[in-house]
Amino acid sequence: MQFDEKTLQSRLTGRRIGCRLHYEETVDSTNRVAMELAQGGAPEGTVVLADRQTAGKGRLQRSWQSPAGCNLYLSVILRPAIPPNDAAQITLLAGVAVAEAISAVCPERVGIKWPNDLLIGGRKVCGILTESRTVAGGIDSVIVGIGLNVNMVKADFDPAHRETATSLREETGREHSREDLLVLLCERFEPWYEIFLHDGFAPVREEWLARAEMAGKRLRVLFRDEVREGLFAGIDRDGALLIADEQGAVRRITAGDATIMKG
Ligand code: BTN
């Protein structure tokens, strides 16, 4: 079933997030559309939603599987008055907000893998891609793209992801309303964003750490051609990943792909 744009807009009652809804049945990427709307002056809180993406983007130049009729693909336009270096903190904030929304419908623990993959039982249910636009050295807009696997079933996943990805339906044994989830998501995003604007990153960091899937685990982190291994040692005040080597020396990693090692 398609989204009913009018009903959905009337249910998005937050002051900021979802104050405007831009819905298109098919887009290449909601992040691309949101970036274009942001450049055209779309207000903070505008949500771009699509039923299907033909070129859904993932982190690190990957693609995001985006079939019609079953999942959520959305991008939120933010215009925070923060230094460009702090934009990465919004990525973690989004992870916390979406984890809370998912937890409202799924009794299993929803964990976060740095920077912001949401996992249920170790499988990825949601990915978040944050992209910023800077103008004259300042942030003009931050686009938070969220892909949440809602009603996809195992057989629908690309074979390469079948064992590592999951959906809410697979985890809870029932179908979920995408509309209800979108409303929930905006409802959880708004207070976290306001906390961040008023009190900074510290409260977000605390909640993120409480959901960290990596606590006590060994990690392998790949960035470009470099591989680093070590014990998860938290995230710092900027949201960078900290890993400790055998000697206890702590390294700071600002971007990359982390794998949780078994055993
Ligand atoms: C990742 O885990 O690699 C991030 C995936 C982000 C996918 C979402 S779907 C909505 C938005 N539009 C995109 O093109 N990508 C993000």
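Indexing begins at 1, ligand by ligand and atom by atom, following the structure's order. The shown structure was predicted, so the numbers you read here are calculated from the model rather than taken from an experiment.
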* Asked: Does a side-chain N-to-carboxylate-O contact under 4.0 Å join Asp257 and Arg62?
  -> yes
* Asked: Does Arg178 make a cation-pi contact with Phe3, if we ask for NZ or CZ under 6.0 Å from the ring centre and within 45° of the axis?
  -> yes
* To do: Please check if any side-chain donor atom of Ser75 sits under 3.5 Å from a side-chain acceptor atom of Asn31, or the reverse.
  => yes
* Asked: Hey, is Arg220 close enough to Glu229 for a salt bridge, meaning N to O under 4.0 Å?
  -> yes
* Check ion pair Arg251-Asp245 (N to O, under 4.0 angstrom) -> no
Could you go through ligand 1 and list every pair where one of its N or O atoms sits under 3.5 Å from a protein N or O, giving the atom names and the distance to one decimal?
residue  : atom   : partner : partner atom : Å
ligand 1 : 2 (O)  : Lys124  : NZ           : 2.6
ligand 1 : 3 (O)  : Arg59   : N            : 2.6
ligand 1 : 12 (N) : Thr30   : OG1          : 3.0
ligand 1 : 12 (N) : Gln53   : OE1          : 2.9
ligand 1 : 14 (O) : Ser29   : OG           : 2.7
ligand 1 : 14 (O) : Gln53   : OE1          : 3.4
ligand 1 : 14 (O) : Lys57   : N            : 2.7
ligand 1 : 15 (N) : Lys57   : O            : 2.7

* Structure fact -> For residues 94-106, the salt bridge (Lys or Arg N to Asp or Glu O under 4.0 Å) pairs (sequence neighbours left out) are Glu100-Arg188
